[in-house]
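Predicted model only: the values in this text are computed from it and were never measured. Position 1 is the first residue of the sequence; numbering continues from there. All ligand and atom numbering here is 1-based and tracks the order in the structure.
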Amino acid sequence: MRRLHLPILGAAVTLLALAPWLAGSFVVSLLNDIGIGALVAMGLVLLTGVGGATSFGQAAFVGIAAYASAWLTTTQGLSPWLGLLFALLLTGVSALAIGMLTLHLGGHFLPLSTIAWGLSIAILFGNVEELGRHTGLSNIPPLHVGAWSLADPRAMYYLIWVLVGLALLFCYNLLRSRPGRAIRSLRGGSVLLASVGADALRVRLTLFIIAALLAGLAGWLYAHMNRFVSPAPFDMRASIEYLLMAVAGGVGHLIGALAGSGVVLALKNGIQDVLPLFTQRAGQIESVVFAALFIALMHFARGGVMGSALRWRRRLGAPLAAMPPDVELLAAPLPRRDMPTGGEIVLSVQGAVKRFGGLVAVSDVSFDVKAGEIVGLIGPNGAGKSTLFNLLTRTLRMTAGQVRFMGRDISGMSQRQVARLGLARTFQHVKLRPHMSLLDNVALGAYARTHVGVLRAGLRLNRSEERRIMQEARRQLDRIGLSGRAHELAGSLPLGTQRILEIARALAADPILLVLDEPAAGLRRQEKIALSDLLRKLRDEGVTILIVEHDMDFVMKLVDRLVVMNFGAKLVEGAPAAVRADAQVQAAYLGSAA
Ligand code: ADP
Ligand code: MG
């Protein structure tokens with residue numbers, strides 16, 4: 001996310017504020033529709049573009065809110081403002097329920113179930129007597145702000161666009177916060193989020209509810225602007241139209257929601273106006289022409305309106321918006337854990353067994369790691385190192401045995417709980433968010449040490465905590481010598497440096513034990529030396545390290561103690577020199593390609 005240019009923002013706001021005075025009533029009501037569409041599309045930009053979950057049922061949430069407020073204000077005679085509360089409550093609860101039922105299914109289940117949901121809600125509206133069946137509900141009262149009536153579309157215009165502006169600001173703030181970093185990491189998978197102590201399912205559910213609430217707000221505005229609701233505007237076609245808006249705008253950009261809503265609605269209206277000039281069967285081919293134009297648009301501007309705008313700006317040589325200045329305000333450091341004293345047993349593995357069907361990948365392995373040591377876990381390819389690593393971090397369930405961490409039995413805990421206790425890990429196949437800055441990637445690591453939630457983040461009530469997080473992230477980047485590149489994108493780093501960046505993310509969790517899976521793989525000689533120096537420095541600062549490696553030379557010079565595995569079992573354990581001299585170890589390594 002780059003900071004918006006103030007002059008552009010100022011011009012856009014002024015233009016929007018003057019529009020009702022400059023434009024005719026047709027344009028004003030089109031702009032009202034665009035604003036309402038933009039709210040729904042904004043939710044989809046977050047859910048689909050940022051979070052990677054597709055919903056084909058967004059119009060159902062718009063409909064639930066519209067009908068909720070319509071019903072409450074017409075049949076019960078209550079105020080539309082109570083209608084707003086009721087509408088948001090109902091959309092929020094529906095999203096919570098459907099999200100809890102479907103979000104954990106993963107894969108295609110979410111899109112499929114949102115289709116089922118979208119279809120059934122539209123059918124429901126058409127069949128409930130109380131909701132007016134297919135005729136719908138009419139005579140919905142207009143909104144009032146104090147004594148000011150918003151019955152006039154020009155008055156409604158201001159309410160809609162102020163809400164669009166506020167929603168945009170809320171989402172923008174949200175994405176640049178602690179919960180926002182978790183949302184932006186959803187595409188990295190649940191194992192990544194669990195490794196920093198976050199619950200991917202919960203993050204996704206929250207995001208689903210936020211998107212539904214934005215749709216709900218749009219539905220409420222719709223009901224009181226049109227003063228009439230019927231099932232058709234909330235059916236499957238409408239849901240797809242909202243998705244098209246998000247895609248046309250550029251699915252990764254919040255502003256794209258506005259652009260996309262504008263493009264789709266202007267296109268639709270344009271076709272309805274122009275087509276009858278050419279043919280008498282305009283009504284029948286309208287959607288075909290729309291589809292053709294939409295495909296053409298996506299063909300020429302694959303990244304949507306925003307994607308093209310950014311590309312043009314780059315082509316014109318305009319510098320990208322300035323990065324936020326690095327304010328060196330000294331914030332109070334984040335709270336730290338009590339570290340164990342040197343020699344205390346930090347990790348204790350007892351009789352660990354893992355079977356994959358008939359294959360015993362880890363067979364009865366026991367060893368301890370003491371505070372302040374670097375322990376190496378080595379062995380030829382296929383020895384079971386990664387599997388054991390996954391047992392320790394609770395990424396895989398153990399078949400038998402026990403793992404104790406800081407004296408607690410963690411065998412029954414989830415990966416996320418173990419991470420929160422202070423066991424931080426990196427990945428053999430790097431799991432960074434390539435489109436997030438180095439600083440944001442590292443800041444994600446401090447997730448479990450901080451608390452700000454969605455509401456406070458969206459309202460910018462997170463400033464002091466955010467400063468503390470950023471200061472911590474900077475400190476960790478400093479530790480690995482990358483603070484000069486804090487605002488570059490992680491994806492632009494060479495693979496070796498990405499591995500080191502993952503270590504900084506793990507360090508941001510203030511870990512007691514750092515477990516690294518093949519951190520030296522793919523590194524050049526110089527990089528390996530730098531990594532060794534870094535790990536030694538960390539040990540001297542009190543971090544305990546367990547390192548899983550394939551490269552003997554690298555670990556021999558680094559570690560205090562070695563555990564050697566072969567064919568799933570522990571072969572020997574001891575000081576590097578003794579292990580090197582061991583005949584069994586030599587045989588195991590000579591017998592393999594290493
Ligand atoms: P290392 O990391 O020491 O190279 P691994 O722990 O990756 O070894 O693998 C140990 C053995 O377990 C190998 O024979 C591998 O094929 C097998 N294995 C690993 N993961 C799985 C899995 N998910 N399903 C079945 N077999 C597996
Ligand atoms: Mg491995």
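Using a 4.0 Å cutoff on heavy atoms, G382 counts as a contact of ligand 1.
Atom 6 (O) of ligand 1 has its nearest heavy-atom neighbour, among L388, N381, L391, T387, in T387.
Regarding atom 7 (O) of ligand 1, its nearest protein heavy-atom neighbour is S386 CB, 3.7 Å. Nearest protein heavy-atom neighbour of atom 8 (O) of ligand 1: G384 N, 3.2 Å.
Ion pairing between a basic and an acidic side chain is recognised when a charged N comes within 4.0 Å of a carboxylate O; R456 and E465 show no such pairing.
Taking the six-membered ring where the residue is Trp, F208 and F61 present perpendicular rings, their angle passing 60° and hence far from 30°.
Annotation: F356 places no N or O atom under 3.5 Å from an N or O atom of ligand 1; distance criterion only. When only interatomic distances are considered, the shortest N/O to N/O separation between A361 and ligand 1 does not fall below 3.5 Å.
Not a single N/O/S atom of N381, whether from backbone or side chain, sits less than 2.8 Å from the Mg ion (ligand 2).
The CE atom of M42 sits 12.5 Å away from the CD1 atom of I210 when rounded to the nearest 0.5 Å.
Using modelled atom types, one finds a donor on one side chain and an acceptor on the other under 3.5 Å when comparing E472 with Q476.
By the 6.0 Å contact criterion, CZ on R187 is enclosed, its count of non-hydrogen atoms from other residues, nucleotides or ligands being greater than 12.
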